[in-house]
Amino acid sequence: QVQLVESGGGLVQPRGSLRLSCAVSGRTFSNDAMGWFRQPPGKEREFVAWIRRIGGSTYYANSVKGRFTISRDNAKNTLYLQMNSLKPEDTAVYYCAAGRTSQFTTDPDEYDYWGQGTQVTVSS
């Protein structure tokens with residue numbers, strides 16, 4: 001059984017930084033692509049970032065471009081999201097997900113497996 005477990009969330013002040021991790025277990029880290037999504041309070045889940053396994057191509061939502069960096073360590077079966085210059089509007093539950101194909105997509109329905117989420121709160 002495939003499991004994705006996020007960690008690293010918490011409370012941070014505006015302009016602060018956090019690094020989220022997503023540990024994958026249950027099978028080899030073989031999905032061609034991985035993504036991060038988030039769900040702000042009272043809103044729908046939204047795409048944040050995406051990375052391909054081979055070549056490391058990345059895509060970001062416009063709202064986080066230049067502030068967030070997605071990366072992966074295939075040897076450790078772990079996905080990361082480095083978040084800098086955090087803003088109150090970044091407050092959300094953050095989820096990692098394993099893509100069904102190697103093609104870039106922001107559609108949550110195209111992701112096979114999801115973590116349980118980790119809360120990120122940006123507030124002074």
Side-chain angles (χ1 to χ4, degrees):
Q1 183 176 353
V2 178
Q3 284 191 315
L4 282 67
V5 179
E6 300 98 337
S7 61
L11 174 64
V12 62
Q13 292 187 340
R15 295 177 299 279
S17 298
L18 281 176
R19 188 176 81 154
L20 305 183
S21 299
C22 172
V24 182
S25 62
R27 70 178 190 187
T28 55
F29 197 35
S30 60
N31 285 80
D32 284 340
M34 297 287 295
W36 286 98
F37 289 76
R38 67 186 182 186
Q39 188 163 14
K43 297 184 179 180
E44 295 190 352
R45 193 170 298 189
E46 61 186 31
F47 168 77
V48 174
W50 175 94
I51 186 168
R52 178 177 285 138
R53 177 176 182 270
I54 304 300
S57 298
T58 58
Y59 289 93
Y60 297 91
N62 288 335
S63 59
V64 307
K65 199 173 295 182
R67 300 188 298 122
F68 290 12
T69 302
I70 187 173
S71 62
R72 63 193 295 168
D73 185 332
N74 291 332
K76 295 182 178 180
N77 283 5
T78 303
L79 178 73
Y80 303 99
L81 184 68
Q82 177 66 44
M83 305 186 295
N84 298 329
S85 302
L86 283 161
K87 304 175 182 180
E89 50 263 44
D90 294 318
T91 295
V93 178
Y94 283 72
Y95 300 88
C96 63
R100 187 168 298 144
T101 73
S102 63
Q103 301 302 309
F104 168 63
T105 177
T106 63
D107 182 357
D109 290 338
E110 294 300 318
Y111 290 78
D112 281 334
Y113 299 97
W114 293 81
Q116 83 289 348
T118 186
Q119 177 70 47
V120 172
T121 302
V122 184
S123 175
S124 56

_Which atom of Trp50 lies closest to which atom of Ser102, heavy atoms considered_ = CZ2-O, 3.4 Å
_Can you give me the closest heavy-atom contact between Gly99 and Asp112, atom names plus distance?_
O-OD2, 4.3 Å
*asked:* So Ser123 and Pro88, do their side chains get closer than 4.5 Å, heavy atoms only?
replied: no
*Within the side chain of Glu6, is there an N or O that forms a donor-acceptor pair under 3.5 Å with the backbone of Gly117?*
yes
*So which heavy atom on Leu4 is nearest to which on Ala98, and how close?*
CD2-N, 3.9 Å
*Determine whether the aromatic ring centres of Tyr95 and Tyr111 lie less than 6.0 Å apart.*
no
*Thr91 versus Val120: any side-chain heavy-atom pair under 4.5 Å?*
no
*Do Ser57 and Phe104 have side-chain heavy atoms sitting under 4.5 Å apart?*
no
*Between Thr121 and Val12, is any pair of side-chain heavy atoms under 4.5 Å apart?*
no
*Heavy-atom closest contact (Ala92 atom, Arg38 atom, distance)*: CB-CB, 3.8 Å
*Are the side chains of Pro108 and Glu46 in touch, meaning some heavy atoms are under 4.5 Å apart?*
no
_So that I know where these two stand, are Phe37 and Trp114 an aromatic pair - ring centroids less than 6.0 Å apart?_
yes
*Output yes when a side-chain donor or acceptor of Arg67 lies under 3.5 Å from a complementary backbone atom of Ser85, and no otherwise.*
yes
*Neighbour count >12 (heavy atoms, 6.0 Å) for atom OH, Tyr60*: yes
*asked:* How close do Ser17 and Asn84 get, counting heavy atoms only, and between which atoms?
replied: OG-OD1, 2.9 Å
*Flag the pair Leu18 / Gln82 as yes when at least one side-chain heavy-atom distance between them is below 4.5 Å, and no otherwise.*
no
*Under the 3.5 angstrom rule, does the side chain of Thr118 hit a backbone N or O of Gly9 as a donor-acceptor pair?*
yes
_Under-4.0 Å salt bridge between Asp109 and Arg100_ = no
*asked:* Assess the residue pair Thr106 and Tyr59 against the criterion (side-chain contact (heavy atoms from CB on, under 4.5 Å)); give the C-alpha distance rounded to whole Å, side-chain angles, the decisive distance to 0.1 Å, and a yes or no.
replied: CA-CA 9 Å; Thr106 63; Tyr59 289 93; over 6 Å; no
*Given side chains that start at C-beta, do those of Leu81 and Tyr94 come closer than 4.5 Å, heavy atoms only?*
yes
*asked:* As a test of understanding, state which of Ile51, Thr78, Ile70 forms a side chain to side chain contact (heavy atoms under 4.5 Å, CB included) with Met34.
replied: Ile51
*Inspect the surroundings of CD in Glu44 and state if more than 12 heavy atoms from other residues, nucleotides or ligands are less than 6.0 Å away.*
no
*For the residue pair Pro14 and Ser124, what are the closest heavy atoms and their distance?*
CD-N, 3.7 Å
_Spatial distance of atom OG (Ser7) from atom CZ (Arg19) [nearest 0.5 Å]_ = 9.0 Å
*Check: Leu20 and Tyr80 side chains under 4.5 Å, non-hydrogen atoms*: no
_Leu86-Trp36 co-clustered via ILVMFWY side chain contacts under 4.5 Å_ = yes
*Going from CD on Gln119 to CG on Leu11, what distance comes out if it is rounded to the nearest 0.5 angstrom?*
9.5 Å
